[in-house]
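Below: one structure, written as structure tokens.
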Amino acid sequence: MDTEGTQHDAPHTRTDHPLPRPAAPPLPSAPPAAPRIPPVPSGPPAAHEDGTFLRWLRAPRRAAAPGIWTYGHVPRPEESPDRVPTRQLVTGALISFLCGWLLWSLLWNGYLGPYWIYPLLLLTPDSWRSAGGDKMIFVWLTYLYYALFLALLVLVFGRLGRWAELGRRCLGPLLRRARKRRPDAVPEPQEDRAQWPALRAGGAPDAADKLAAETFAGRMNDVDVARVERAWQSVRSGRNSLASFTDTVLRHGAAACAHPSGLRDLPARTAHHDLLAHQVRIGTAADHPRNPHRHRGTGFALDPALLGTSLLAVGPPGCGKTTRVVRPVVEAMCLQALAGRSAVVAVGAAGSALGPDDAFDAVVRIGASEPDCDLDLYGGTTDPDEAAGILAEALVGDLAATLPGGDSRRAATALGQLLGPFRAARGRFPSVPELRELLDGSATALASLRTALETTESHPLLRELDARARQSGRPGDIGDLLADRVALLDRPAFAPYFDPRGGDRQLSLRSLDHPLRVRIDLPERGHAEASRILARLVLAQFTECAAARGDRSLFACLVLDDAAHTVTAESLRGLQRLRAANAGVLMTLRSLDDVPEALRSALLGAVGCRMAFAGVTTWDGARFAEVWGKEWVETRDVTDRQIIAEGAAMKAFHLFRHLVTGKAVTAKAVTVRTVERERWSASDLANSVPPGHAVLSVTSVRGEHAPPVLVDLRG
């Protein structure tokens, strides 16, 4: 499918979004085969002479528990309760070897007599040992007998010392690592992903031959593979034609079905990606007794199936939320957008490390003197009531609990009484200064709007405007609060922004059914309260637009690098709707104190993935401990009981032992019990999580979940 023909050839153009629809999309990116703590790759896997790209392409992805990095994953054997500690195995093997060596030395030197040679003497004729006989046969049989007897000793003492188990435990990982370093055997053509067997079986052998040639020639990367597979899925689903797909691939090869930007990769990568498994690796599960056995030592990754339940990360400044989680996820979503599988909107303070400008299709720098891209204040909608609801959530959503009725419905009604008449009279929504003037109850502005409405004979809208005029100026009128909040956006620094007339470079979140890559920089320095309003505005628009998409095949992801003062009761209801809309939100907080107390438990319940970084406070840890619940564990209680000696000899022995050791003679009693214990207590989260680590629990959109896992984010 070409980006210039049929559904893939001619992308849609719309006035409410800056970018066209993608051609063919998919899958996550992938780095070379990695050891337990792999090096950070400087770019995607390429078809070098060492076959790195082909190994990545052909590597199997084994099904695993949610959150496990599947590329190169080898499932851990089930944990045995009778597993002997390694130190005990080494000691036992050494002792058994020394005992076997001693026995062989005693036998060889004759200290135990010649009895062990009697079987050899009984089974061989005397003539072989007499003068003139064939002594060489006897000599060779003797050496063979020695070897058999020595093998018997090795077998017996090896069983006693568990040499085989020690070898599997110590040499097994080395052998597996050496096997990985060897070039992989080429699989059968019908199973070799590099030969594109799915296309051959689906009736596109010419396209498969072209792509195979591109693969072996080194002209294809992981984004190309994911994008072409996404395009093929659209053919199989009937959305695009086989002829168009084949023609596009034959003409463009690895660059077929390209993203509307024409890019086939990001300028740089800072994390490990596997586009075939849709995963981005964020760390390694620690080999910690609190971690589930199957997770210990494995890579930990995030993917759209997990982010679709939304993720909340809480940790103090400097703990690595942005660099170790937010940046890799934004990078992964941008790669998947290039593959036509996702749309991403990243929101953070100006200067935050969310990615370079070249990694995005549009960068909205609110507050910059010369804007490259603008933001639609009304979310691209033409419905005044919908626009009023979104704008009310942004302006006073954080104060909803203190407003009459306990929500922002009155604010939405007041805004609707102005937005509806204004749009009917002027054909557009009001600009920020115009909206502020109307909310202030300016007689001139209201009279001008009334005159324009009278010419259109819009009597219902005149009644709405009259109702707003009557309420304006009354004590407790919500319009005063709305006017004060709009005034925060009516600043000279924001004058070039929020143009209601739109334009080619105005961003609308109505475009989430296209593979957009957008970064929004908020002016936190000097305009902190305005930044919070804009963050709530983007969150409200995202939850509304993502759920209202007609085409939900693309995963829509919103990343809020600092979600302080953006969580409201209405936004939580929106988060819960996203799971069914193939969309999700990643938000970070310095502390749960940045969320109203009444909403903290609801927030932890609304998201499916929860992450507590090193350094959280005990009161934040208590919330996580409560939502993670408890588990049944086996505990051992050891008590020392003093032994009372009976008899003079025993008393003398106890006295001597006490003088030597300084301790009374005791006997230990072990009590084994099964008790219910918190998976991670508030104290453990606050004091036992090492720096550079985080405790993370994940849930997929299908309902699969993993208990909290301690993850080392540095490898």
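The structure presented is a predicted model; accordingly, all values stated were derived computationally and were not measured.
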> Nearest heavy-atom pair of Pro691 and Ala614: which atoms, and what distance?
Replying inline: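 Here Pro691 and Ala614 meet closest at CA-CB, 4.1 Å.
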
> At their closest point, which heavy atom of Phe555 faces which heavy atom of Pro304, and how far apart are they?
Replying inline: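 What the structure gives for the nearest pair is CE1-O, 3.7 Å.
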
Got a second to check how far [X]'s [atom1] is from [Y]'s [atom2], nearest 0.5 Å?
X	Y	atom1	atom2	value
Leu604	Asp620	CG	CG	9.0 Å
Ser310	Leu586	OG	CG	8.5 Å
Leu307	Thr309	CG	OG1	7.5 Å

If we only count heavy atoms from C-beta on, is the [X] to [Y] side-chain gap below 4.5 Å?
X	Y	result
Thr284	Val711	no
Val689	Leu710	yes
Leu685	Val695	yes
Thr699	Leu306	no
Ile95	Thr91	yes
Phe300	His295	yes
Glu678	Asp684	no
Met611	Lys321	no

Any donor-acceptor pair under 3.5 Å linking the side chain of [X] with the backbone of [Y]?
X	Y	answer
Arg281	Gln279	no
Arg327	Arg324	no
Arg296	Pro289	yes
Asn291	Ala286	yes
Asn221	Val223	yes
Trp116	Leu107	yes
Ser96	Ala93	yes
Thr322	Val326	no
Arg200	Gln195	yes
Glu331	Thr270	yes

Got a salt bridge between [X] and [Y], using NZ or NE/NH1/NH2 to carboxylate O under 4.0 Å?
X	Y	result
Arg227	Asp222	no
Asp224	Arg219	no
Glu229	Arg193	yes
Arg679	Glu631	yes

> Does the pair Leu121 and Phe138 meet the rule for a side-chain contact (heavy atoms from CB on, under 4.5 Å), with working shown?
Replying inline: CA-CA 10 Å; Leu121 300 177; Phe138 181 73; 4.2 Å; yes

>> Going by ring-ring contact (aromatic ring centres under 6.0 Å, His included), name the pairs with one or both residues in residues 625-649, residues two or more places apart or in two chains.
In response: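 Qualifying pairs: Phe624-Trp628.
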
>> Quick test of your reading: applying ring-ring contact (aromatic ring centres under 6.0 Å, His included), list the pairs with at least one residue in residues 673-698, sequence neighbours left out, ordered by first then second residue.
In response: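 Applying ring-ring contact (aromatic ring centres under 6.0 Å, His included) to every pair that reaches into residues 673-698, excluding sequence neighbours, yields His288-Trp680.
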
>> For Arg76 and Thr298, which I'm curious about, is there any donor-acceptor pair between the side chains at under 3.5 Å?
In response: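 On atom types as modelled, these side chains do not qualify, holding no pair under 3.5 Å.
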
> Knowing that exactly one of Asp209, Leu199, Asp206, Leu211 qualifies, which makes a side-chain contact (heavy atoms from CB on, under 4.5 Å) with Val249?
Replying inline: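 So, applying the side-chain contact (heavy atoms from CB on, under 4.5 Å) to Val249 and each of Asp209, Leu199, Asp206, Leu211, only Leu211 qualifies.
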
>> Would Val675 and Val633 count as a side-chain contact (heavy atoms from CB on, under 4.5 Å) here? Give the steps.
In response: CA-CA 6 Å; Val675 298; Val633 297; 3.9 Å; yes

> Relative to the ring of Phe97, is the ring of Trp101 parallel (under 30°), tilted (30 to 60°) or perpendicular (over 60°)?
Replying inline: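 Aromatic pair Trp101/Phe97 classed tilted.
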
>> Is the ring pair Tyr143/Tyr146 parallel, tilted or perpendicular, if the boundaries are 30 and 60 degrees?
In response: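 Ring orientation, 0 to 90° scale: perpendicular.
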
>> What verdict does the side-chain contact (heavy atoms from CB on, under 4.5 Å) test give for Val139 and Thr142, after you've listed the backbone C-alpha separation in whole Å, the side-chain angles of each residue and the deciding distance to 0.1 Å?
In response: CA-CA 5 Å; Val139 170; Thr142 301; 5.5 Å; no

>> With side chain to side chain donor-acceptor pair (under 3.5 Å) as the criterion, how do Thr671 and Arg636 come out once you've worked through the C-alpha distance, each side chain's angles and the decisive distance to 0.1 Å?
In response: CA-CA 5 Å; Thr671 303; Arg636 293 172 176 262; over 6 Å; no

side-chain hydrogen bond (donor to acceptor under 3.5 Å, both in side chains) partners for [X], two or more places apart:
X	value
Arg623	Ser601
Asn687	Ser683
Arg579	none

>> Quick check on His73: does its NE2 atom have over 12 non-hydrogen neighbours (other residues, nucleotides or ligands) under 6.0 Å away?
In response: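 Result for NE2/His73: enclosed.
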
>> Other residues, nucleotides and ligands only: do more than 12 of their heavy atoms fall within 6.0 Å of CZ on Arg159?
In response: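 It does not: Arg159 CZ has 12 such atoms or fewer within range.
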
> With sequence neighbours excluded, what pairs up with Pro316 under the side-chain contact (heavy atoms from CB on, under 4.5 Å) test?
Replying inline: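 With neighbours one apart ignored, the set is Cys319.
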
>> One pair to check against side-chain contact (heavy atoms from CB on, under 4.5 Å): Leu57 and Val225. What are the steps and the verdict?
In response: CA-CA 9 Å; Leu57 186 60; Val225 173; 3.8 Å; yes

